[in-house]
Amino acid sequence: MPLNRRTLLSGLAAGLALPAFRADSITRVVRAARLAGPRPAGELAADEAYWSQIAGAFDNDDTLINLNNGGCSPTPSHVLEAMIRDLKFSNEIPVHHMWNVLEPRIESVRRELAAEFGCDPEEIAITRNASEAMETLTLGIDLKPGDEVLLTNQNYGRRSTTWEQRARRDGIVLKQISFPVPPPSQQDIVERFRRAVTPRTRVIEITHITNLTGQILPVREVVRMARERNIEVFVDGAHAFAHFPFKRDDLDCDYYGTSLHKWLLAPIGTGFLYVRKAKQKKIWPLMAAPEKMDADIRKYEEIGTHPAANHTAIAGAIAFHRSIGSERKAARLRVLRDRWARRLMAADRRVKVLTPLNDTDSCGIGLIHVEGVDTNKLQAHLWEKHRIMTTPIVHPEFDGLRITPNVYTTLSEIDTFAGKMEEILKKGLPA
Ligand SMILES: Cc1ncc(COP(=O)(O)O)c(C=O)c1O
């Protein structure tokens with residue numbers, strides 16, 4: 001939906017318990033929306049006049065190039081300010097301002113997150129991150145010794161660690177599949193899962209988009225294959241929500257966990273857990289809740305005293321995300337990805353991009369492998385000499401530099417990165 005000052009303000013009035021935007025943030029978002037006009041996402045994706053307005057909503061340090069937004073992203077200035085404002089307000093008299101005034105506003109954040117994800121608000125619990133959301137699932141489902149859980153060897157490290165601890169503690173059995181990067185097809189991945197299922201498989205955990213190469217996995221197909229066999233599927237969407245467009249029904253999943261401090265650009269320490277209504281009684285909360293909450297999604301939020309300000313500020317991040325729109329954001333991220341990836345592949349035969357460069361199998365995350373160049377040294381060199389932040393990925397089966405720009409990244413920053421990489425390809429890394 002195109003955004004103008006009126007639709008933005010009416011959106012605020014309609015429901016979100018939104019913190020006030022800074023005056024110049026509103027102006028920037030409205031100016032950007034005017035520049036965008038009715039143009040389709042693809043056409044706008046390389047329009048620096050539009051994206052520089054978006055970049056202006058962040059107080060970023062232009063002496064650094066941040067290409068590790070996958071780890072954690074900065075939040076727009078108005079969101080950060082709203083959080084600080086609410087922290088100060090809480091601090092005046094926490095037992096009243098934090099508990100009575102701010103905490104109830106979590107309900108409007110729940111409602112708006114549910115609208116974005118495409119589920120009922122009674123299916124969304126607000127957590128501190130994806131780890132908390134996913135740990136709730138791993139540690140909250142009843143399993144017996146000998147029950148099998150199927151993972152891939154590209155699941156996030158802490159996810160595997162959690163299942164391994166459960167295996168040590170409860171005698172469950174972990175099985176892992178591997179798949180090539182990039183895989184020959186989405187169907188190939190589904191088949192690998194299907195072949196690894198046994199009559200004892202109780203849970204499959206799948207990453208919606210991997211943090212390693214940025215491969216988007218066939219969640220819907222795996223969920224359907226598993227459902228026919230009474231297997232629960234936990235979806236780790238830490239990197240997917242608000243990164244590229246999808247809704248719950250596109251995945252058809254019963255369980256989903258995500259961070260909001262990555263692609264939604266919400267403040268650090270925010271995430272959500274989705275559990276389909278009919279499944280909620282099956283999953284225990286990490287911290288105990290009374291029995292009367294067994295079928296209440298809020299049982300997953302019973303974590304003791306914690307700041308309300310992080311949660312209320314999510315509302316500002318949702319409004320910012322909507323002001324850009326999912327399609328536009330994904331199109332821009334793909335333009336940024338293709339710009340460095342295609343240039344570097346063309347520059348040197350030793351370069352391999354282990355991420356499929358298309359509009360369905362990946363989005364803003366890309367992994368570049370350079371034959372004969374040590375990934376850790378390359379990452380250190382780019383940061384220490386050029387202040388370009390990337391992520392070294394070293395997996396037993398592949399390695400490379402992970403590049404994750406964000407909506408504020410400019411084409412010229414991507415070109416600077418690509419230029420420095422070309423220099424390294426020509427001259428090698430200094431000894
Ligand atoms: C795939 C995946 N799952 C889970 C997590 C955990 O996210 P958080 O640290 O925000 O809890 C990450 C973090 O990068 C991740 O990449």
Side-chain angles (χ1 to χ4, degrees), residues 66-75 113 125-140 149-166 176-177 179 181 189 203-219 222 233-244 246 251 253 255-274 286 300-301 303 306-307 310-311 313-314 317 333 354-355 361-367 379 389-395 398 400-406:
N66 185 358
L67 299 177
N68 181 6
N69 287 274
C72 194
S73 273
T75 195
L113 284 172
I126 290 155
T127 62
R128 288 168 288 189
N129 45 45
S131 298
E132 184 180 10
M134 297 304 297
E135 301 261 321
T136 301
L137 299 174
T138 305
L139 302 176
V149 173
L150 183 55
L151 312 172
T152 79
N153 68 356
Q154 292 188 42
N155 286 46
Y156 184 64
R158 185 177 297 108
R159 300 301 313 127
S160 306
T161 305
T162 312
W163 283 114
E164 283 156 15
Q165 178 179 296
R166 183 118 202 231
Q176 269 192 351
I177 61 160
F179 58 90
V181 289
I189 296 175
V203 180
I204 292 176
E205 182 168 316
I206 183 169
T207 313
H208 191 177
I209 173 170
T210 74
N211 61 302
L212 303 173
T213 65
Q215 173 73 46
I216 298 176
L217 295 179
V219 172
V222 170
V233 178
F234 295 167
V235 186
D236 177 357
H239 276 281
F241 181 72
H243 179 172
F244 49 90
F246 69 92
L251 309 178
C253 59
Y255 309 92
Y256 196 92
T258 190
S259 304
L260 301 175
H261 43 229
K262 294 184 188 287
W263 296 93
L264 185 68
L265 307 169
I268 298 164
T270 50
F272 78 67
L273 168 66
Y274 153 80
L286 275 182
Y300 304 119
E301 294 169 359
I303 60 165
H306 57 280
N310 302 42
H311 296 160
I314 294 170
L333 292 171
L354 304 180
T355 309
D361 295 349
S362 78
C363 192
I365 303 174
L367 189 73
Q379 189 273 345
M389 181 58 83
T390 60
T391 327
I393 298 288
V394 180
H395 184 273
F398 55 89
L401 266 197
R402 188 184 74 183
I403 307 303
T404 50
N406 215 315

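One-based numbering, in listed order, for ligands and for the atoms of each.
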Who pairs with Arg402 by salt bridge (charged side-chain N to carboxylate O under 4.0 Å, His left out), at least two apart in sequence or on another chain?
none

His395: which residues meet the side chain to side chain contact (heavy atoms under 4.5 Å, CB included) condition with it, sequence neighbours left out?
Asn153, Gln154, Leu212, Glu397, Phe398

For Thr75, all residues meeting side chain to side chain contact (heavy atoms under 4.5 Å, CB included), sequence neighbours excluded:
Val79, Leu80, Pro267

Nearest non-hydrogen partners of Gly364 and Leu333, listed with the distance:
CA-CB, 3.8 Å

Distance dump, ligand 1 polar atoms to protein, N/O, under 3.5 Å:
from	atom 1	to	atom 2	distance (Å)
ligand 1	3 (N)	Asp236	OD1	3.1
ligand 1	3 (N)	Asp236	OD2	2.6
ligand 1	7 (O)	Ser259	OG	3.4
ligand 1	10 (O)	Ser259	OG	2.7
ligand 1	10 (O)	His261	NE2	2.7
ligand 1	11 (O)	Ala130	N	3.3
ligand 1	11 (O)	Ser131	N	2.8
ligand 1	11 (O)	Ser131	OG	2.6
ligand 1	14 (O)	Lys262	NZ	2.7
ligand 1	16 (O)	His239	NE2	3.1

Can you find a pair of side-chain heavy atoms, one from Phe241 and one from Leu113, that are under 4.5 Å apart?
yes

Are Glu135 and Thr162 close enough that a side-chain donor and a side-chain acceptor fall under 3.5 Å?
yes

